[in-house]
Amino acid sequence: LNFRDWLTMIAPDGSLLVYHERLAESFDTVTQIVKSYSLLPNTNEELASKSSILDVQFFEDLGISNNEHKHAFLKWFAVDCGIGNDDLLHVPEIAVTTSEAAAAAAAAA
C-alpha cells in the first residue's frame, strides 16, 4: 500500500494528501510508520489491555494540527491496528470521536 492510497483510504475526500510529501520523505512504508509510533504500554492497567499506544509524536513529526485530520488518523490506528492513546481522550475537540474509534476497535477485536 503506497502512501497516496493509504491517505485516500483513511480520508476518501483527499484531505490527508497534504501529508503525502512529508511521509514519502521520512518513511518507506506504512508498516514502518506503525512500528515507529507504536509504544508499548507502561502501566499495569495498560498492560492488562494488551494494546499498544500511539505516540503523539506522530502528529508533531508530520505537522498535523487539524483536529479532523488527527481524528482520521486516530480512527485508522485504532480500528486497523488496535493502537490507541488515552491521553488524546482529554483533547475536547477529538475526545468524543476518539472514544467512538476505541469502541469500534474493541468491537472489531
Side-chain angles (χ1 to χ4, degrees):
L1 185 65
N2 66 47
F3 292 126
R4 184 173 301 281
D5 291 345
W6 178 58
L7 294 169
T8 303
M9 179 184 68
I10 295 171
D13 66 356
S15 61
L16 300 181
L17 291 173
V18 296
Y19 307 109
H20 181 269
E21 186 175 327
R22 227 172 279 153
L23 287 166
E25 289 172 354
S26 303
F27 302 96
D28 297 321
T29 64
V30 173
T31 301
Q32 182 186 14
I33 293 169
V34 173
K35 288 180 180 180
S36 296
Y37 294 101
S38 298
L39 300 176
L40 294 176
N42 59 10
T43 68
N44 288 337
E45 185 177 313
E46 290 169 346
L47 284 170
S49 72
K50 296 183 181 177
S51 64
S52 296
I53 298 167
L54 177 63
D55 188 344
V56 294
Q57 188 67 41
F58 170 75
F59 299 114
E60 293 175 26
D61 289 350
L62 291 178
I64 301 169
S65 58
N66 179 303
N67 284 324
E68 289 180 18
H69 294 179
K70 287 181 182 182
H71 166 65
F73 281 111
L74 284 167
K75 183 176 178 183
W76 182 84
F77 276 103
V79 174
D80 289 34
C81 302
I83 298 171
N85 190 323
D86 290 342
D87 292 339
L88 297 175
L89 295 175
H90 304 292
V91 178
E93 295 84 359
I94 58 177
V96 173
T97 52
T98 304
S99 297
E100 292 168 357

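These values consider heavy atoms only, across backbone and side chains, with no hydrogens, waters or symmetry-generated copies. Worth saying up front: this structure is predicted, and the values here are computed from it rather than measured.
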Under the side chain to side chain donor-acceptor pair (under 3.5 Å) test, residues paired with Gln32 that sit two or more places apart: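 Listed in chain order: nothing, the list is empty.
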
Can you tell me how far [atom2] of [Y] sits from [atom1] of [X], rounded to the nearest 0.5 angstrom?
{"X": "Ser38", "Y": "Asp55", "atom1": "OG", "atom2": "CG", "answer": "9.0 Å"}
{"X": "Asp28", "Y": "Leu23", "atom1": "CG", "atom2": "CG", "answer": "11.5 Å"}
{"X": "Ile64", "Y": "His71", "atom1": "CD1", "atom2": "NE2", "answer": "13.5 Å"}
{"X": "Gln57", "Y": "Ser36", "atom1": "CD", "atom2": "OG", "answer": "11.5 Å"}

Steps toward side chain to side chain contact (heavy atoms under 4.5 Å, CB included) verdict (Lys75, Ile10): CA-CA 8 Å; Lys75 183 176 178 183; Ile10 295 171; over 6 Å; no

Nearest non-hydrogen partners of His20 and Arg4, listed with the distance: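 Of all heavy-atom pairs spanning His20 and Arg4, the closest is CD2-N, 3.4 Å.
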
Looking only at non-hydrogen atoms, find the nearest pair between Ile53 and Ile83 and report the distance.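 Scanning both residues completely, I find the closest heavy atoms to be C-CG2, 3.5 Å.
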
Can you name the residues that form a ring-ring contact (aromatic ring centres under 6.0 Å, His included) with Phe58, not counting sequence neighbours?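 So Phe58 forms a ring-ring contact (aromatic ring centres under 6.0 Å, His included) with Tyr37, Phe73, Phe77.
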
Of Leu74, Val79, Asp80, which is the lone residue that meets side-chain contact (heavy atoms from CB on, under 4.5 Å) with Trp76?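 By the side-chain contact (heavy atoms from CB on, under 4.5 Å) criterion, Trp76 pairs with just one of Leu74, Val79, Asp80: Asp80.
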
Determine, stepwise, if the pair Leu54 / Leu39 fulfils side chain to side chain contact (heavy atoms under 4.5 Å, CB included). CA-CA 6 Å; Leu54 177 63; Leu39 300 176; over 6 Å; no

Qualifying side-chain hydrogen bond (donor to acceptor under 3.5 Å, both in side chains) pairs, either residue in residues 5-19, two or more places apart: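 Of all non-adjacent pairs touching residues 5-19, those that pass side-chain hydrogen bond (donor to acceptor under 3.5 Å, both in side chains) are Asn2-Asp5, Asp13-Ser15, Tyr19-His69.
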
Side chain to side chain contact (heavy atoms under 4.5 Å, CB included) evaluation trace for Val34 with Phe27: CA-CA 10 Å; Val34 173; Phe27 302 96; over 6 Å; no

Verify the neighbour count for atom CD of Glu21: are there more than 12 heavy atoms of other residues, nucleotides or ligands below 6.0 Å?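 Counting other residues, nucleotides and ligands, CD of Glu21 stays at 12 neighbours or fewer.
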
